[in-house]
Amino acid sequence: SGSICCAFAVLYLGWSAHAAIRYFRDQNLVERHYIGQTPMSNSKFNKLMEEIERERPQLLGETLPMSPPSKVVVGPGAKPDRLGAGIQFFTNAPEMRPQQFQFSMA
């Protein structure tokens, strides 16, 4: 699934392979914790991201990469970016966190 996310970022968002892999690794390490955690460590998949980046014009044809969104919605439980440059570095969009809703049984 990491490769799919990175491929989308490289192909349709116009990110570099290096930036997409770094961002995915950072976010995976911030949001998940498990034994043997080494996100995007398969060198063959990482080389594939570089190949997609190199061949992006041929793969997309007349289609241009998407524009970054004006705001990025993150889940209410998301932690601030601790490892990398954060979402704003890659999308140039400020973070927007949804309001926490409290339900009452009244």
* When rounded to the nearest 0.5 angstrom, what is the spacing between CH2 in Trp15 and CZ in Phe8? -> 10.0 Å
* Asked: Does Ala17 offer a backbone N or O that forms a donor-acceptor pair with the side chain of Glu53 under 3.5 Å?
  -> yes
* To do: List the atom of Cys6, the atom of Phe24, and the distance in Å for their closest heavy-atom pair.
  => SG-CB, 3.7 Å
Side-chain donor/acceptor pairs under 3.5 Å, residues 34-42, sequence neighbours excluded:
{"from": "Gln37", "atom 1": "OE1", "to": "Tyr34", "atom 2": "N", "distance (Å)": "3.4"}
{"from": "Gln37", "atom 1": "NE2", "to": "Asn28", "atom 2": "O", "distance (Å)": "3.1"}
{"from": "Gln37", "atom 1": "NE2", "to": "Asn28", "atom 2": "OD1", "distance (Å)": "2.6"}
{"from": "Gln37", "atom 1": "NE2", "to": "Arg32", "atom 2": "O", "distance (Å)": "2.9"}
{"from": "Thr38", "atom 1": "OG1", "to": "Ser41", "atom 2": "OG", "distance (Å)": "3.2"}
{"from": "Ser41", "atom 1": "OG", "to": "Thr38", "atom 2": "O", "distance (Å)": "2.9"}
{"from": "Asn42", "atom 1": "OD1", "to": "Lys44", "atom 2": "N", "distance (Å)": "2.9"}
{"from": "Asn42", "atom 1": "OD1", "to": "Phe45", "atom 2": "N", "distance (Å)": "3.3"}

* Contacts of type side chain to side chain contact (heavy atoms under 4.5 Å, CB included), residue Leu60, not counting sequence neighbours -> Leu11, Tyr12, Arg56, Thr63, Pro65
* Which atom of Ala9 lies closest to which atom of Ala20, heavy atoms considered -> CB-CB, 4.0 Å
* When rounded to the nearest 0.5 angstrom, what distance separates OG in Ser43 from CG in Leu48? -> 11.5 Å
* To do: Please round to the nearest 0.5 Å and tell me the distance separating atom NE2 of His18 and atom CG of Asn46.
  => 11.0 Å
* **Straight-line distance of Ser16 OG to Met49 CE, nearest 0.5 Å** => 12.5 Å
* Asked: Taking side chain as C-beta onward, heavy atoms only, is Arg22 less than 4.5 Å from Arg25?
  -> no
* To do: Rounded to the nearest 0.5 Å, what's the gap from CG on Leu13 to SG on Cys5? Could you check?
  => 10.5 Å
